[in-house]
Number of protein chains: 2
Amino acid sequence: MKKYLKILKKCPLFANIEDEDLLRMLKCLDAKIGSFDKKYTVFAEGSPAKYIGVVLSGSVQVIQVDYYGNRSILSVMGEGEVFAEAFACAELREIPVSVIADEPSDIMFIDSSHILHTCHNNCGFHQQLIFNLMKDLAVKTIMFHQRIEITSKRTTREKLLAYLAMQARRAGSNSFDIDFDRQELADYLEVERSGLSAEISKLRREGILENHKNHFELL
Amino acid sequence: MKKYLKILKKCPLFANIEDEDLLRMLKCLDAKIGSFDKKYTVFAEGSPAKYIGVVLSGSVQVIQVDYYGNRSILSVMGEGEVFAEAFACAELREIPVSVIADEPSDIMFIDSSHILHTCHNNCGFHQQLIFNLMKDLAVKTIMFHQRIEITSKRTTREKLLAYLAMQARRAGSNSFDIDFDRQELADYLEVERSGLSAEISKLRREGILENHKNHFELL
DNA sequence: TGAAGTATGTTGAATTTTCAACAAAAAGGA
DNA sequence: TCCTTTTTGTTGAAAATTCAACATACTTCA
């Protein structure tokens with residue numbers, strides 16, 4: 001667990017908790033670590049909403065797959081980020097999404113009941129954890145607002161440009177890499193992969209952007 | 001304030017707080033009440049993310065309007081429900097949405113800093129409030145998951161049927177009323193109003209549903 | 001009640017997306 | 001390196017959406 005201390009310190013769930021306290025607390029919370037190869041399932045849709053996940057290394061995708069097999073990528077969580085916390089905190093029985101490893105990843109699992117209900121050791125961190133969880137969930141809510149702002153556009157072109165503009169803002173530069181391959185970007189933007197490829201080519205021909213693989217530059 | 005006690009008790013923000021404590025606490029939080037006529041703006045996009053809103057009567061819509069004037073309805077909050085809490089909790093400077101009264105509404109405003117930072121009176125409810133806020137935000141996150149599940153469908157028909165199926169589930173019956181007029185439903189589903197009307201007519205002709213105004217029945 | 005304003009339904013043309021199929025390019029493994 | 005697999009780009013036809021315009025129904029309020 002010690003080797004992940006640097007990541008854990010960046011994790012919003014553990015903000016304002018001292019190093020020495022952190023490891024002790026994780027023991028108290030009975031945190032477990034698991035490793036997942038790329039594409040492997042961390043949580044399957046319908047499994048109990050019992051554990052909160054923390055990405056220690058790698059990254060995971062939170063996805064929904066509907067009746068017809070259409071897949072939506074809801075979010076991508078990277079190192080130090082938390083996932084599946086909303087289902088545990090809202091006390092859903094089952095999680096309504098799947099979580100898969102986007103690359104080889106180490107994941108820490110915390111039984112949510114250890115956070116939500118005061119532990120018998122009465123260690124003093126629950127209040128801080130709850131507060132951190134609240135902030136984390138507020139940030140997640142805003143993340144969904146941003147996603148909806150992008151996907152509510154009506155055309156592939158507008159969705160793509162809105163997405164790229166947001167990535168450029170995040171990167172602080174008009175030149176940046178994106179995390180998605182083409183199919184994944186289509187699943188995030190909720191458009192057709194082939195139409196997305198075509199639109200990228202069109203924007204390039206029009207001189208609006210340049211790109212090579214996953215690197216983009218807005219002109 | 002007393003006249004709203006019944007509503008406030010239903011409000012998730014005040015769960016597990018005794019009646020007698022509630023009014024005292026609201027005074028401590030310096031809660032204010034405002035009234036808004038239908039269509040009036042409760043919060044304008046870009047205004048400071050300082051206040052948390054609680055619907056005492058009526059209902060509000062949380063909306064985004066993009067550069068081209070396209071309007072998305074993100075959520076509708078009715079009596080006892082909380083809004084704009086995510087922006088305050090995440091400590092955004094400005095709120096990225098607008099909130100408008102959907103009907104004549106009374107709204108309670110609470111300065112978020114009074115909740116997030118321990119008050120000098122050191123009244124004992126902050127921990128419970130933070131916990132309630134966390135739960136509320138978890139539920140909101142799940143609400144967005146559901147919205148995305150609906151709007152990620154590719155056709156007007158699929159979006160509409162997914163929406164109606166969810167409303168039927170919520171109502172516990174195949175016969176139910178919806179809160180939206182046609183334009184609002186289109187803004188929620190992110191489709192064209194005229195196309196939506198056409199699709200409703202088509203589903204009716206196909207014998208898949210019956211409807212009169214805002215009453216629907218799935219057959 | 002009547003008039004004005006708003007909401008809903010309908011339609012056809014233009015635009016866009018989806019779908020399927022395939023070619024080309026890139027990545028991975030033996 | 002060569003072969004296989006995966007990813008990406010391209011294309012045309014079919015399907016669906018958007019847009020604009022208008023008719024009708026419904027509301028509101030004087």
Side-chain angles (χ1 to χ4, degrees), chain A residues 37-39 61 66-73 100 102-104 150-164 177-206 208-216, chain B residues 37-39 61 66-73 100 102-104 150-164 177-206 208-216:
Chain A
D37 284 338
K38 183 168 179 171
K39 307 251 173 175
Q61 294 181 344
D66 76 5
Y67 182 77
Y68 303 101
N70 297 313
R71 165 203 198 86
S72 294
I73 295 181
I100 58 172
D102 195 21
E103 48 191 318
I150 291 171
T151 58
S152 68
K153 302 264 183 293
R154 298 303 166 78
T155 64
T156 300
R157 185 190 187 91
E158 283 181 355
K159 289 183 187 184
L160 175 59
L161 287 173
Y163 171 78
L164 293 175
D177 292 321
I178 67 172
D179 294 332
F180 292 131
D181 64 29
R182 292 291 181 276
Q183 182 63 59
E184 289 170 336
L185 182 54
D187 290 343
Y188 181 81
L189 299 180
E190 289 160 6
V191 298
E192 194 59 25
R193 180 199 60 80
S194 66
L196 175 61
S197 274
E199 200 61 51
I200 291 172
S201 300
K202 198 166 158 215
L203 287 167
R204 198 172 38 220
R205 280 197 302 277
E206 293 176 16
I208 294 174
L209 58 76
E210 282 179 6
N211 83 303
H212 179 66
K213 301 214 198 165
N214 291 357
H215 184 81
F216 285 79
Chain B
D37 283 338
K38 185 170 179 170
K39 307 250 172 174
Q61 293 181 344
D66 76 7
Y67 182 77
Y68 303 101
N70 297 314
R71 163 204 199 84
S72 294
I73 297 181
I100 59 171
D102 194 21
E103 48 190 319
I150 291 171
T151 59
S152 68
K153 302 263 183 293
R154 299 302 165 79
T155 64
T156 300
R157 185 190 186 89
E158 283 181 356
K159 289 182 187 183
L160 174 60
L161 286 174
Y163 172 79
L164 292 175
D177 292 322
I178 67 172
D179 295 331
F180 293 131
D181 64 30
R182 292 291 182 275
Q183 183 62 60
E184 291 171 335
L185 182 54
D187 290 344
Y188 181 82
L189 299 180
E190 289 159 8
V191 299
E192 192 59 24
R193 180 199 61 78
S194 65
L196 174 62
S197 273
E199 199 63 50
I200 291 172
S201 300
K202 198 166 157 215
L203 286 167
R204 197 172 39 219
R205 278 198 302 277
E206 293 176 13
I208 294 172
L209 57 76
E210 282 180 6
N211 84 303
H212 179 68
K213 303 217 199 160
N214 292 357
H215 184 82
F216 285 79

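Chain letters run A, B, ... following the sequence lines, proteins first, then strands; residues in each count from 1. These numbers were taken from a predicted model, which means no experiment stands behind them.
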All N/O pairs under 3.5 Å across the protein-nucleotides 24-28 of chain D interface:
from, atom 1, to, atom 2, distance (Å)
D:dC26, O3', B:Lys213, NZ, 3.4
D:dT27, OP1, B:Lys213, NZ, 2.1

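Here the side chain of B:Arg193 is nearest to one of C:dT8, D:dT7, D:dG9, namely C:dT8. Side-chain proximity of B:Ser201 to the nucleotides C:dT10, C:dT17, C:dT8 is greatest for C:dT10. Candidate nucleotides D:dT8, D:dT11, D:dT17 were compared by shortest atom distance to the side chain of B:Glu199, and D:dT17 ranks first. The side chain of B:Glu192 sits closest to D:dC19 out of C:dT17, D:dG9, D:dC19.
We find that CD of A:Glu184 is positioned 9 Å from P of D:dT7, with the value rounded to whole Å. One atom, CG of A:Leu160, and another, C1' of C:dT17, lie 15 Å apart when rounded to the nearest Å. Remark: P of D:dT17 and CD of A:Glu190 are 15 Å apart, rounded to the nearest angstrom. For the pair A:Asn211 CG and C:dA25 C1', the computed distance is 14 Å after rounding to whole Å. Between the NZ atom of B:Lys202 and the P atom of C:dG9 there is a distance of 16 Å, given to the nearest Å. As a whole-Å value, the separation of B:Leu189 CG from D:dA16 P is 17 Å. Between A:Lys38 atom NZ and D:dT5 atom P there is a gap of 18 Å when expressed in whole angstrom units. In this structure, A:Leu203 places its CG atom 12 Å from P of D:dT10, rounding to the nearest Å.
Here A:Arg154 lies in heavy-atom contact (under 4.0 Å) with sugar-phosphate atoms only. Heavy atoms of B:Ser197 sit under 4.0 angstrom from at least one base atom. The residue B:Thr155 sits close only to the backbone: its heavy atoms come under 4.0 Å of sugar-phosphate atoms, none of a base. Among the atoms of the strands shown, base atoms are found under 4.0 Å from some heavy atom of B:Ser194.
Between A:Lys38 and A:Asp102 there is no salt bridge, since no side-chain N of the basic residue sits under 4.0 Å from a carboxylate O of the acidic one. With respect to the salt-bridge test (charged N to carboxylate O, under 4.0 angstrom), the residues B:Arg157 and B:Glu199 qualify. Between B:Glu184 and B:Arg193 there is no salt bridge, since none of the side-chain N atoms of the basic residue sits less than 4.0 Å from a carboxylate O of the acidic one.
A:Asn211 and A:Arg204 are linked by a side-chain donor-acceptor pair at a separation below 3.5 angstrom, with hydrogens and angles left out of the test.
Here the side chains of B:Glu158 and B:Ile150 are not in contact, with every heavy-atom distance at 4.5 Å or above. Annotation: side chain of B:Tyr163 is not in contact with side chain of B:Thr151 (no heavy-atom distance under 4.5 Å).
Considering CG of A:Asp179 and CG of A:Leu185, their distance stands at 10.5 Å, rounded to 0.5 Å.
When each of B:Ala198 and B:Phe180 is assigned the nucleotide of DNA chain C with its nearest heavy atom, B:Phe180 is the one assigned upstream, toward the 5' end.
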